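What follows is a set of notes on a single structure, which appears directly below.
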Amino acid sequence: MEKRVLFRSKWLPWVLITPQLLIIGIFFFWPAAQAVLQSFQMEDAFGMSTEWVGLDNFRTLFADPTYLDSFYRTALFSVLVAGIGIATSLALAIFADRIVRFAMVYKTMLIIPYAVAPVIAGVLWIFMFSPSLGVVSYFLGKLGYTWNHLMNENQAMALIVLASVWKQISYNFLFFLAGLQSIPKALIEAASIDGAGPWRRFWNIQLPLLSPTTFFLLVINIVYAFFDTFGIIDAATHGGPGQSTSILVYKVYLDGFKALDLGGSAAQSVILMCIVVVLTVIQFRYVEKKVQY
């Protein structure tokens, strides 16, 4: 039987959600509306003069090869961050769920990266992979592999992917571990008695039951790769070498705060917002069909 809460006053529900509506309106809808408005304008760096230019900012963007290249970099970066992050976190959660002795110690150590700010995460990985001082680059050199992300575009992309995955891995780990612990142990024991090995038990029982968690983390990690990795990129590579690690969100910053192209930067913000909305709708429309609740 469905339980519903009945309020004596029809205004009470609106009063209760008013603070949340105000926060969403002030910090999301109002800035988004301002970005849409500015995307149709050309404004000087100090906001003293404004000219209505219509769709000129969008035409200029799509005629710029560097901006079109940032779409490919963003797609590659988001796929790598989401894919590697989810797969690694799931593996760590499975191993942590099977540990009996010192289980809390291992789980606490895996959660620690989530408390690190994105900028700090970028700085930490820069120190480890510094061509002249980094510990990791030193051992890579001993193995005959020269590491210099300041000159090599592929190495720079690999660096920000690793730093971004490491920063988000604790968040994914918490949800996967909670999902694994919510699976009835009787199911696993019954499959074990029937002769199913660890891999078969994982593939036929645990993974399907984790599909809601995996779908949720897929959406969260895509959004994370698009937006929340800005601090890591700014601290680690500044979008370089060249613009090889300048994804869409970082290019908005470069054009808006460095090049002082406020109209073009606002147009990029609108395009980025539309891309994320479309990707989220596609995931909920098609990917969610494969989720077993």
Side-chain angles (χ1 to χ4, degrees), residues 1-3 20 75-118 121 125 160-229 231-232 276-293:
M1 179 181 296
E2 182 181 0
K3 295 183 179 180
Q20 187 63 36
L76 176 64
F77 176 73
S78 59
V79 169
L80 291 175
V81 170
I84 298 174
I86 290 176
T88 306
S89 302
L90 178 57
L92 291 174
I94 292 173
F95 292 141
D97 188 46
R98 295 179 179 179
I99 294 177
V100 178
R101 298 185 60 186
F102 306 110
M104 290 302 299
V105 176
Y106 290 110
K107 294 173 184 178
T108 303
M109 292 176 62
L110 288 169
I111 295 172
I112 287 176
Y114 189 63
V116 179
W125 283 79
I160 62 172
V161 167
L162 290 174
S164 301
V165 169
W166 178 81
K167 175 65 179 70
Q168 186 70 358
I169 204 168
S170 298
Y171 185 89
N172 300 336
F173 169 78
L174 284 174
F175 280 92
F176 276 130
L177 183 62
L180 287 170
Q181 292 179 346
S182 66
I183 297 175
K185 299 299 182 183
L187 294 176
I188 308 299
E189 294 173 357
S192 179
I193 294 173
D194 291 339
W199 171 251
R200 191 172 183 83
R201 293 197 300 267
F202 167 76
W203 187 258
N204 292 337
I205 298 176
Q206 292 176 307
L207 187 59
L209 293 177
L210 285 175
S211 57
T213 303
T214 306
F215 172 71
F216 166 77
L217 290 177
L218 176 63
V219 176
I220 293 298
N221 279 262
I222 291 294
V223 175
Y224 164 76
F226 268 82
F227 292 104
D228 293 344
T229 54
I232 294 175
V276 174
V277 170
V278 170
L279 286 176
T280 304
V281 170
I282 290 175
Q283 290 175 17
F284 276 93
R285 180 67 177 84
Y286 297 103
V287 179
E288 191 182 18
K289 290 183 178 181
K290 300 183 181 297
V291 176
Q292 303 178 18
Y293 291 100

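Along the sequence shown, residues are numbered consecutively beginning with 1. Here the structure is a predicted model, which means the values were calculated and not measured.
- Between Asn172 and Ser89, the closest heavy-atom pair is CB-OG, 3.1 Å.
- Side-chain N or O atoms of Tyr171 include none that pairs as donor or acceptor with a backbone N or O of Asn221 at under 3.5 Å.
- Using the six-membered ring where Trp is involved, Phe202 and Trp199 have ring planes that are tilted, between 30° and 60° apart.
- In this structure, the side chains of Leu207 and Leu90 come closer than 4.5 Å at one or more pairs of heavy atoms.
- Remark: Leu210 CG to Leu180 CG distance equals 5.0 Å, nearest 0.5 Å.
- A donor-acceptor distance shorter than 3.5 angstrom exists from the side chain of Ser78 to the backbone of Ala75, with no hydrogens or angles considered.
- The CD1 atom of Ile169 sits 5.0 Å away from the OG1 atom of Thr88 when rounded to the nearest 0.5 Å.
- Closest approach of Ala191 and Ile205 over heavy atoms only: CB-CD1, 3.3 Å.
- When all heavy atoms of Ile232 and Pro118 are compared, the pair lying nearest together is CG1-O, 3.3 Å.
- Within the 3.5 Å criterion, the main-chain N or O of Ile188 finds no donor-acceptor partner in the side chain of Ser192.
- At least one donor-acceptor pair under 3.5 Å links the side chain of Ser182 to the backbone N or O of Gly179.
- In this structure, the separation between CG on Leu177 and CZ on Phe175 is 11.5 Å, given to the nearest 0.5 Å.
- Contact of the Ile86 side chain with the Phe176 side chain is registered, since non-hydrogen atoms from C-beta on lie closer than 4.5 Å.
- Looking at heavy atoms from C-beta onward, Ser164 lies in side-chain contact with Tyr224 at the 4.5 angstrom threshold.
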How far apart are the C-alpha atoms of Trp125 and Ile160, what are their side-chain angles, what is the distance that settles it, and do they pass the side-chain contact (heavy atoms from CB on, under 4.5 Å) test? CA-CA 8 Å; Trp125 283 79; Ile160 62 172; over 6 Å; no
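- Heavy atoms only, all atoms of each residue included: Trp166 and Ala121 are closest at CZ3-CB, 3.8 Å.
- In this structure, CG in Leu187 is found 10.0 Å from CD in Gln206, a value given to the nearest 0.5 Å.
- Looking at heavy atoms from C-beta onward, Gln168 lies in side-chain contact with Ile220 at the 4.5 angstrom threshold.
- Residue Ile282 holds its CD1 atom at 11.0 Å from CD1 of Ile222, rounded to the nearest 0.5 Å.
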